[in-house]
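Because the structure is a prediction, the values reported are computed rather than measured. Quick note: numbers below take in every heavy atom, side chains included, and nothing from hydrogens, waters or symmetry partners. Throughout, a chain's letter reflects where its sequence line sits, starting with A, and its residues are numbered from 1.
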Amino acid sequence: MTIFAPVCFGCRLGRVAPRILYKMMNYQPTEIEARWQAYWAQHKTFAADNHSDKPKYYVLDMFPYPSGAGLHVGHPLGYIASDIYARFKRHQGFNVLHPMGYDSFGLPAEQYAIQTGQHPSITTQANIDRYRTQLDQLGFSFDWDREVRTSDPAYYRWTQWIFSELFQSWYDLDTDKAQPINLLIDRIASEGNAGVHAAGAEMAPACSASDWAGFSPAQKEELLQHYRMTYLAETEVNWCPALGTVLANDEVINGRSERGGHPVVRKKMLQWSMRIAAYAQRLLDGLAQLDWPQPLKDAQTNWIGRSQGAQVIFHTLPSDYLKETYPIEVFTTRPDTIFGVSFMTLAPEHPLVDLLTSPDQRGAVQEYVAATAQRSERDRMADVKRISGVFTGAYVAHPFTQEPIPVWIGDYVLAGYGTGAVMAVPCGDQRDWDFAQHFSLPIPNIFKEVDVSTAAYESKDGVVIDSSDFLTGLDYKSALKAAIAAIESRGLGQGKINYRLRDAVFSRQRYWGEPFPVFYRNGVPELVNHAHLPVVLPEVKQYLPTPTGEPPLGNATHWAWDTVQNRVVANELIDQKTVFPLELNTMPGWAGSSFYFLRYMDPKNTAALADEEVMKYWGQVDLYIGGSEHATGHLLYARFWTMFLYDRGFIPQEHFAQKLINQGMITGTSAFVYRLEDNKTFVSKGLIGDRPVTPIHVDVSMVNASDALDIDAFKAWRPEYAQAVFELENGVYYTGREVEKMSKSKYNVVSPDEVCATYGADALRLYEMFLGPLEQSKPWNTAGITGTLGFLKKLWRLYSDGTQCLVDESTPSAASLKTLHKTIQKVTEDVTQFSFNTSVSSFMICVNELAQQGCKARSVLEPLAVLVSPYAPHIAEELWQMMGHNGSIAHVPFPVFDPAMVAESEKEYPISFNGKTKFTLSLSLDTPKDEVEAVVMAHPKTLEYLGGATPKKVIVVPGKIVNIVL
RNA sequence: GCCUUGGUGGCGGAAUUGGUAGACGCGCUGGAUUCAAAAUCCAGUUCUUCGGAGUGUGGGUUCGAUUCCCACCCAAGGUACCA
């Protein structure tokens, strides 16, 4: 792609001058783009106004984590789409909020700090600078004055503020929303907690008003911890020894850490948790109101995992070693099968296991429990099919028949779900069936005319309950109803809904995250007052956990809160009496990203998260674009925090983003050379035949569009290839191609920097859109970009012959107007529906047609420039200026489609053949008419069916069926 | 296993409510221009034994199916002992 060969054979001096002219007259993307990017920055062309009479529109991208690797061409896909939409909305007269920022707390910067000793903020700043440069060169219309960074103390002050508010709230099930904790305290102080219905507080001990009055601060806090929206709890967590931290469920993939792929084990630790489970039902219900992709909604629905059933109490039968009766609660979704119970299984971690175990079984049970505890999550998942368990020696009574039922423990029952105990119905549940089969337990059949000798019958359809007392003869639905009614009326339990969604662990043993605004006075957690936030990260000597296993903040000589001076005390001498240790953990990555969309509205506000009026004005995010990988992480947490802030009246919206689009991934197209066993001969792809070859990734920049390898570049690539021998096809080495994820190790990464330098940002933007539907994943192939570059050159030539602007005041031809308005119609439709790929095609067709028509008319070329502007903003600005305008094209009204300009007008004329079938004839006419004489031709197969022949001349009328006799 | 999305030329992908499949671009072929290249322009490009065949496979509905229905196969992503 060299346009100016500096020297060429036979080049005469006389040709130098024309070549300079050539430079002047042609489309010069790099020069144009740099100039307009500077203009936009200088004039703040895209600054959004917080107080405007215009209608607002909020277009948001998921902000990036600024990684050291920089951007590759796949990253900006969503940003380009959102930018097109934001620019389109500005042309339509909206006050558009289109901000960008950085999710700048994170593990990579910390790990780099551990290795080099460099403070993570330095790495982070360098990465942000690089990101900014890369983003700027793509010509995005961000309002950079609103930039936020989650690692900025001025920002995380508000992360800490939200944490404080969560701490000072509880979830009231009576009003079904979060409430200030003071309301609860007042109520307990006056009437105790007996009548309080709070989410997650099932285990809270009973506390009367007088109990409360006698409580010490520590006792009060202990009780309140059962209610707070964020609370300390001894929880089984995903502990990653290699990273030295706990991970949330969504950060664990197949028993390994999402980042780094290190093994993860279960461990009990005292951690801060977020009571997201309180919102399970609302998070589920709210999905209906959101215009989000169905797969994403499904992912959240599955993650929340609502299941409806019943909680049933089984009582233990007394025996020699078990004198008393103990209740064991189970959760089941199939209470209709309760008469099929033949045993009960407890999770090995179930609190009653120890108590229930008989002396005979004690050895076996203890061995089993210990063995299960040692197995990592990964081991447990690796051999899901292995059946294991032990009999406890205890029996419970069947709640209806009073038959004795043996109690087993087995690791297929999870401690964390439901009650950690199941009533096993082998005939209706495959896992129970397998367990029964393995341990030769009975498999009673309670289904009519169903064979359960080889497998359980899990279907709910077409089932008739048998041998089940009052349920016999009922189908699934009526049996379910009757069973729950009986369970409730006899006091054996109640109908219940269970969620898979668990409260989220909120503590991380990391340095590079938000500190908690929490200190411990005599071991009791207390908040740092709002007025004194932020609690700023201390300097530490190293970023690893301390030798005693404390989180990295423990490396600060002191990390404490001075309750007299109201300030952080770090690395200095302290007065022990008024200074108390601060929380050593930091917050997880998702904290800062769960409300950033609010902060963009009013990023410099120091008095509040954002001004109330401003929040009312901007409201919800109208369009949110980002990857689907955040379905069960960021997008769920952000919904949770938004609902919480809404409940407490801090923000006016319960849902933060109305419409969401998941952009697809742009994959890389890797290239391979094939080496023979002699280790130096490389065979062109077509010549391999049956010979054994080793495919080797080669850098995609050395391969051209027809898969031919640049042999010289390849030899120079690595010293060991310098002496390589090639078997060529017709003098060319053809490489193999494969579509893979873009990655350095696969040598298929294409940087937007190079692409912009060679083809320009406009060509890149158009090409990324042209590649295919936004939501679909599609492979990158740099060669194809010549298509959109060619379009831009043609567009340029429409306006300029190099020396002067060609646009004149002539009256456009009807054909040119038709071309223009067809394009206006198509592009408006496409943008509205986010199908950006097809509008690029429309642009190409439009420019080709106008060029053929020799159109020079201002009344066509001006609207065309506006039309193109969202997609290719730099060239549009340049053309706009060339046509004599001052200032930016960015706020010029978008052209409006005029049907009259499209010479054809379509009307529908209903007809029928031989009175048999109705057809609709769509006629395109230069001028619409009420009566048209048309020549009707029919599809040959239609004629065969009708038994006639066309063409026939007929008069057709819109709105009236005309019968054509064949 | 379950959920979701998709399967159309050599490639990325188009195709209103069912109505001429393959728009647009890449790549390829031929031509113009050039001392030569680059760039640009023009023409052609689903396959074909020239009868036809053809939108993953097999059925169905229909005068007519890429589009609607049923069954299956394949690929990608998510999720997984959730009782």
Side-chain angles (χ1 to χ4, degrees), chain A residues 1-5 8-11 22 26 253-254 293-299 301-303 305-307 309 330-334 337 345 347 380-381 383-387 410-414 416-425 428-432 434-435 498-502 628-629 631-632 662 664-665 667 669 704-707 737 739 766-767 770-773 775-788 790-791 793-794 797 829 835 837-845 848 906 913 916-917 919-922 937-947:
Chain A
M1 251 311 294
T2 314
I3 299 173
F4 310 107
C8 50
F9 297 108
C11 181
Y22 182 77
N26 279 281
I253 291 162
N254 290 330
Q294 196 55 44
L296 195 149
K297 288 187 178 185
D298 291 343
T301 304
N302 290 337
W303 191 259
R306 178 192 153 107
S307 52
V330 300
F331 175 72
T332 175
T333 54
R334 295 293 301 276
T337 62
T345 316
R380 240 163 121 163
M381 285 201 297
D383 47 14
V384 164
K385 290 283 162 279
R386 202 185 77 184
I387 295 158
D411 68 0
Y412 80 95
V413 178
L414 304 177
Y417 183 78
T419 60
V422 300
M423 57 175 228
V425 183
D429 183 289
Q430 192 55 47
R431 291 156 310 173
D432 295 344
D434 292 339
F435 196 87
N498 239 307
Y499 300 92
R500 202 189 78 120
L501 182 71
R502 238 64 64 71
S628 57
E629 67 272 20
T632 53
N662 291 130
M665 202 178 22
T667 48
T669 310
N704 77 3
S706 39
D707 300 351
R737 290 287 202 165
V739 170
L766 283 167
Y767 186 53
F770 182 68
L771 230 37
E775 307 199 50
Q776 205 170 293
S777 93
K778 54 242 158 189
W780 178 265
N781 176 13
T782 305
I785 199 172
T786 52
T788 53
F791 156 73
K793 288 178 176 173
K794 282 182 200 170
R797 282 201 299 273
E829 212 176 273
S835 56
N837 54 329
T838 47
S839 42
V840 180
S841 297
S842 307
F843 287 140
M844 289 173 172
I845 295 166
N848 282 338
E906 290 211 346
F913 290 102
K916 271 188 181 173
T917 316
F919 291 84
T920 306
L921 189 65
S922 275
M937 290 193 280
H939 192 273
K941 284 191 176 162
T942 309
L943 292 172
E944 197 182 307
Y945 161 70
L946 296 165

Which heavy atom in A:Val330 sits nearest to a heavy atom in A:Val422, and how many Å separate them? CG1-C, 3.8 Å
Here the gap from A:Ser835 atom OG to A:Glu829 atom CD, rounded to the nearest 0.5 Å, amounts to 8.0 Å
Any idea if B:G9 is syn or anti, going by the 90°-from-0 cut? syn
For atom OH of A:Tyr499 and atom P of B:A83, their distance in whole Å: 13 Å
With A:Asp429 via salt bridge (Lys or Arg N to Asp or Glu O under 4.0 Å) - residues at least two apart: A:Arg431
Return the nearest nucleotide to the side chain of A:Pro295; candidates are B:U5, B:C82, B:A15. B:U5
Once you apply a heavy-atom cut-off of 4.0 Å, does A:Asp432 come out as touching a base, just sugar-phosphate, or nothing? nothing
If you measure from the C1' atom in B:G77 to the same atom in B:U67, how many Å do you get, rounded? 25 Å
A:Asp298 CG to B:U5 P: how many Å, rounded? 7 Å
Every protein N/O lying under 3.5 Å from an N/O of nucleotides 10-12 of chain B:
residue : atom : partner  : partner atom : Å
B:G12   : O2'  : A:Leu771 : O            : 2.5

May I have the distance from A:Glu775 (atom CD) to B:G6 (atom P), rounded to whole angstrom? 9 Å
Which residue is it: A:Ile785, A:Thr786, A:Val840? I am looking for the one with a side-chain contact (heavy atoms from CB on, under 4.5 Å) to A:Tyr767. A:Ile785
Could you tell me whether B:G6 is syn or anti, where syn means a glycosidic angle within 90 degrees of zero? anti
Heavy-atom closest pair, residues A:Asn662 and A:Pro293: OD1-CG, 3.4 Å
Think A:Thr838 has a side-chain N or O under 4.0 angstrom from the OP1 or OP2 of B:A23? no
Nearest-Å distance, CG (A:Asn848) to P (B:A23)? 14 Å
Using the test side chain to side chain donor-acceptor pair (under 3.5 Å), find all partners of A:Thr838 that sit at least two apart in sequence or belong to another chain. A:Asp830
Using the P atoms only, state how far B:C24 lies from B:G30, rounded to an integer number of Å. 23 Å
Can you see which heavy atom on A:Thr345 is nearest to which on A:Gly410, and at what distance? CG2-N, 3.4 Å
Holding to side chain to side chain contact (heavy atoms under 4.5 Å, CB included), I want the full list of residues that pass it with A:Arg306, two or more places apart in sequence or in another chain. A:Gln281, A:Leu284, A:Gln308, A:Ile497, A:Tyr499
Under-4.0 Å side-chain N/O to phosphate OP1/OP2 contact, A:Arg500 with B:U79: no
Can you list everything that forms a side chain to side chain donor-acceptor pair (under 3.5 Å) with A:Thr301? Sequence neighbours excluded, please. none
Can you see if the side chain of A:Asn498 gets near the phosphate of B:A83 - specifically, an N or O under 4.0 Å from OP1 or OP2? no
Under 4.0 Å between any heavy atoms, over every strand shown, what does A:Pro293 touch: base, sugar-phosphate, or nothing? Just pick one. nothing
Which residues satisfy the side chain to side chain donor-acceptor pair (under 3.5 Å) test with A:Gln294, sequence neighbours excluded? A:Asp298
With sequence neighbours excluded, what pairs up with A:Asp434 under the side chain to side chain contact (heavy atoms under 4.5 Å, CB included) test? A:Ile387, A:Gln430
Distance between C1' atoms of B:G64 and B:A21 (Å, rounded): 14 Å
If you assign each of A:Arg334 and A:Gln294 to its closest nucleotide in RNA chain B, which residue comes earlier from the 5' end? A:Gln294
Measuring to OP1 and OP2 of B:C82, would you say a side-chain N or O of A:Arg306 lies under 4.0 angstrom away? no
Partner residues of A:Ser777 under the side chain to side chain contact (heavy atoms under 4.5 Å, CB included) criterion, sequence neighbours left out: A:Met665
Of all the nucleotides listed (B:C24, B:G13, B:U79), which has the minimum atom distance to the side chain of A:Ile845? B:C24
From CD of A:Glu829 over to P of B:A23, roughly how many Å is that when rounded to an integer? 20 Å
Roughly how many Å is it from CE in A:Met423 to P in B:A83, rounded to a whole number? 12 Å
Whole angstroms only, please: what is the CZ-P distance between A:Phe331 and B:C82? 12 Å
Taking B:G10 as the reference, what is the distance to B:G56 when you measure between their P atoms (whole Å, please)? 14 Å
Starting at CG of A:Asp411 and ending at P of B:A83, how long is that distance when rounded to a whole Å? 17 Å
If a pair means Watson-Crick or G-U wobble with both distances below 3.5 Å, what does RNA chain B look like in dot-bracket form, with | marking bases paired to a different strand? (((((((..(((......[....)))((((((.......))))))((....))..(((((..]....))))))))))))....
Between B:A14 and B:U46, how far is it from one C1' atom to the other, in whole Å? 15 Å
Taking the C1' atom in each of B:C11 and B:U45, what is the distance between them to the nearest angstrom? 14 Å
Under the salt bridge (Lys or Arg N to Asp or Glu O under 4.0 Å) test, residues paired with A:Arg500 that sit two or more places apart: none
I'd like a list of close polar pairs between nucleotides 40-46 of chain B and the protein, N/O only, cut-off under 3.5 Å.
residue : atom : partner  : partner atom : Å
B:U40   : O3'  : A:Arg797 : NH2          : 3.4
B:C41   : OP1  : A:Arg797 : NH2          : 3.0

Considering only the P atoms, how many Å lie between B:G9 and B:U17, rounded to the nearest integer? 23 Å
Taking the same atom, C1', in B:C73 and in B:U62, what whole-Å distance lies between them? 26 Å
What residues form a side chain to side chain contact (heavy atoms under 4.5 Å, CB included) with A:Ser841, not counting sequence neighbours? A:Phe770
